[in-house]
Amino acid sequence: MLQGGPGQLLPPDPDRVADLRWFVVCFCLGLVGLIALIPPLFGFLSYLGALVFPFAALAEIGFGVAAVVGGGSWRRAYLLGNVGLAAGNIVILVASLMMIVVQQGWQPNPDAWRPLYFGVVMMGLAGGITWGMLLRPRQR
């Protein structure tokens, strides 16, 4: 007798359910990371950002697929890299808000802040990827 034929219900496979959860987590954090990359990319490269952005989106999708399929250090690097992108945006936001509080009427100079903004966000990305690759897997 064959198992799993039409009309036969089988219990859910725990590995497939876990893969679906990781897919949802990687998709959501990948979307956050891609959105976090848009302002510094277009701010630093201006119109060239429109040419670079599709490649960044394809890289985000490709690394996301590798994270879901490969697991392990790929998954950690992908997740922490996207968290690093978002953290870089938050750092620049907090720094600019602190400057506005300290110096009333201060306006950021776009020519000075664009490369700084892009650099901080890229350092967040690189730091997250490096940290994710260097973390040791948990023993089960």
Colleague: Determine, stepwise, if the pair Val83 / Leu79 fulfils side-chain contact (heavy atoms from CB on, under 4.5 Å).
Modeller: CA-CA 6 Å; Val83 169; Leu79 296 176; 5.6 Å; no

Colleague: How close do Tyr117 and Pro39 get, heavy atom to heavy atom, and via which atoms?
Modeller: OH-CB, 3.5 Å

Colleague: Can you hop from Leu37 to Val120 via hydrophobic side chains spaced under 4.5 Å?
Modeller: yes

Colleague: For a side-chain contact (heavy atoms from CB on, under 4.5 Å) check, start with the C-alpha distance between Ile100 and Gln107, then their side-chain angles and the critical distance, and finish with the verdict.
Modeller: CA-CA 8 Å; Ile100 290 173; Gln107 292 287 324; over 6 Å; no

Colleague: Please collect all side chain to side chain donor-acceptor pair (under 3.5 Å) contacts where either partner lies in residues 36-54, sequence neighbours excluded, each pair once.
Modeller: none

Colleague: The criterion is side-chain hydrogen bond (donor to acceptor under 3.5 Å, both in side chains); which residues satisfy it with Arg114, sequence neighbours excluded?
Modeller: Asp111

Colleague: Tell me the closest heavy-atom pair linking Cys26 and Ala67, and the distance in Å.
Modeller: SG-CB, 4.1 Å

Colleague: When rounded to the nearest 0.5 angstrom, what distance separates OG1 in Thr130 from CG in Leu125?
Modeller: 9.0 Å

Colleague: So if you build clusters from Ile, Leu, Val, Met, Phe, Trp, Tyr with side-chain heavy-atom gaps below 4.5 Å, do Leu80 and Met122 land together?
Modeller: no

Colleague: Between the side chain of Arg75 and the main-chain N/O of Val68, is any donor-acceptor distance below 3.5 Å?
Modeller: yes

Colleague: Same hydrophobic cluster for Phe118 and Met99, using side-chain heavy-atom links shorter than 4.5 Å among ILVMFWY?
Modeller: yes

Colleague: If you take all heavy atoms of Ala77 and Met133, which pair is closest and at what distance?
Modeller: CB-SD, 3.6 Å

Colleague: Report yes if the side chains of Leu134 and Ser73 come closer than 4.5 Å at any heavy-atom pair, otherwise no.
Modeller: no

Colleague: Checking the side chain of Ser96 only, and the main-chain atoms of Leu93 only, is there a donor and an acceptor separated by less than 3.5 Å?
Modeller: yes

Colleague: Please list all pairs passing the salt bridge (charged side-chain N to carboxylate O under 4.0 Å, His left out) test where one or both residues lie in residues 56-72, with sequence neighbours left out.
Modeller: none

Colleague: Answer yes if Leu45 and Phe42 sit in the same cluster of Ile, Leu, Val, Met, Phe, Trp and Tyr residues linked by side chain heavy atoms under 4.5 Å apart, and no otherwise.
Modeller: yes

Colleague: Closest heavy-atom contact between Leu85 and Gly33?
Modeller: CD1-O, 3.4 Å

Colleague: Hydrophobic cluster membership, with links at side-chain heavy-atom distances under 4.5 Å among I/L/V/M/F/W/Y: are Leu135 and Val25 in one?
Modeller: no

Colleague: What's the shortest heavy-atom distance between Pro110 and Pro115, and which atoms?
Modeller: O-CD, 4.4 Å

Colleague: When the side chains of residues 49-57 are checked against the rest of the protein, which donor-acceptor pairs come out under 3.5 Å, sequence neighbours left out?
Modeller:
none

Colleague: Does atom CZ of Phe44 have more than 12 heavy-atom neighbours, drawn from other residues, nucleotides or ligands, at distances under 6.0 Å?
Modeller: yes

Colleague: So, for Asn82 and Gly30, which heavy atoms are closest and what is the spacing to 0.1 Å?
Modeller: ND2-CA, 3.6 Å

Colleague: What pairs with Leu31 under side chain to side chain contact (heavy atoms under 4.5 Å, CB included), at least two apart in sequence or on another chain?
Modeller: Ile35

Colleague: Residues two or more places apart in sequence or in another chain: which of them pass side chain to side chain contact (heavy atoms under 4.5 Å, CB included) with Pro108?
Modeller: Trp106, Trp113

Colleague: Measuring from atom CG of Leu34 to atom CG of Leu41, what distance do you get when rounded to the nearest 0.5 angstrom?
Modeller: 9.5 Å

